[in-house]
Amino acid sequence: MNPDFRKRLLKGDLLTGTVVTLPCPAIAELLSRAGFDWLFIDGEHGCLSVGDIQLLLQAAQPRCPCVVRVAANQDVAIKQALDAGADGIIAPLVNDADTAARVVAWAKYPPLGKRSVGIARAQGYGASFADYVVRANADTAVIVQVEHVDAVANIAAILDVSGIDGVFIGPYDLSASMGKPGNIHDADVRHLIETVRRACLERRMALGIFGVDAAAVAPFIEQGYTLNAVGMDTLMLDQSARRLLSGLKTGDHR
Ligand code: 3PY
Ligand code: MG
């Protein structure tokens, strides 16, 4: 586990990551060398088993901190990601304070929470167990996704939950919850995103967002978003493959 990630998150450092969805360790390794501050390992929408997630973590760490977006807000997904060695978790669709409190509890050992104690990769398969158990609560980042109209309505109560280190806006699910799936530039969607930004900045809560490319994320960085994920392994591969081929066909390579 990389103790710096949570510290940098809380300090408000600009942390630019990218999303890994493919169960291929070489891709995580390659992206970990590209200069990103963190990798967003997508256990929710990526085709990743717990075993795949561990292989991605092994390929990218300790070069690059990795945060796992868990498949669902339940204790099993959270403890498996952390036991595999994630530097933090991102919990999807955290729509109210009770859910946020449960996520924190499942991610932190007692007395702060209720995380169950295992012996796995995070604990050095036993060799660094004692050290890990002492450090884990301080070094594990807990990030909640605000990506539903209900979450925006409950934003103050969610931010009041102790133990949340950051908020990550999911613009796509947020737009879907408003009956406008994918319409992330819609004025009403933008209005709710701005509501979340103000609430987070008022409380000095680290805030981030996902965007498919630099143009999508850059305006948010200017507005104080520090924990951002730009692009995705699949998009990068698809776009560069198409660009390569069309450059050859049209002569744009010259
Ligand atoms: C969303 O836009 O819904 C996301 O979860 C992005 O990560
Ligand atoms: Mg989402």
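Counting from 1, the numbers follow the sequence of the chain as shown. Counting starts at 1 for both ligands and their atoms, in listed order.
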Answer yes or no: is there a donor N or O on one side and an acceptor on the other, between the side chain of Asn228 and the main chain of Thr16, under 3.5 Å? no
Closest to the Mg ion (ligand 2), which N/O/S atom of Glu147 is it?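 Distance check against the Mg ion (ligand 2) picks out OE1 in Glu147.
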Among the N/O/S atoms of Asp173, the Mg ion (ligand 2) lies closest to OD2
Taking the side chain as every heavy atom from C-beta outward, state whether Asp238 and Arg242 have any atom pair closer than 4.5 Å.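 Touching, per the 4.5 Å side-chain cut-off.
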Between Tyr109 and Ser116, what is the shortest heavy-atom contact and its length? CE2-O, 3.6 Å
Among protein heavy atoms, which sits nearest to [atom], and what does the distance come to when rounded to 0.1 Å?
atom                   : answer
atom 5 (O) of ligand 1 : Arg69 NH1, 2.7 Å
atom 1 (C) of ligand 1 : Gly170 CA, 3.2 Å
atom 3 (O) of ligand 1 : Asp173 N, 2.8 Å
atom 6 (C) of ligand 1 : Phe210 CB, 3.6 Å
atom 2 (O) of ligand 1 : Tyr172 N, 2.7 Å

Between Glu194 and Arg190, does any side-chain N to carboxylate O distance fall below 4.0 Å?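 Salt bridge between Glu194 and Arg190, a charged N being under 4.0 Å from a carboxylate O: no.
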Can you classify the ring geometry of Trp38 versus Phe5 as parallel (below 30°), tilted (30 to 60°) or perpendicular (above 60°)? tilted
What do you reckon, are the aromatic ring centroids of Phe210 and Phe40 less than 6.0 Å apart?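 Here the rings of Phe40 and Phe210 have centres that are no less than 6.0 Å from each other.
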Counting only heavy atoms, which portion of Gln145 has something under 4.0 Å from ligand 1: side chain, backbone, both, or neither? side chain
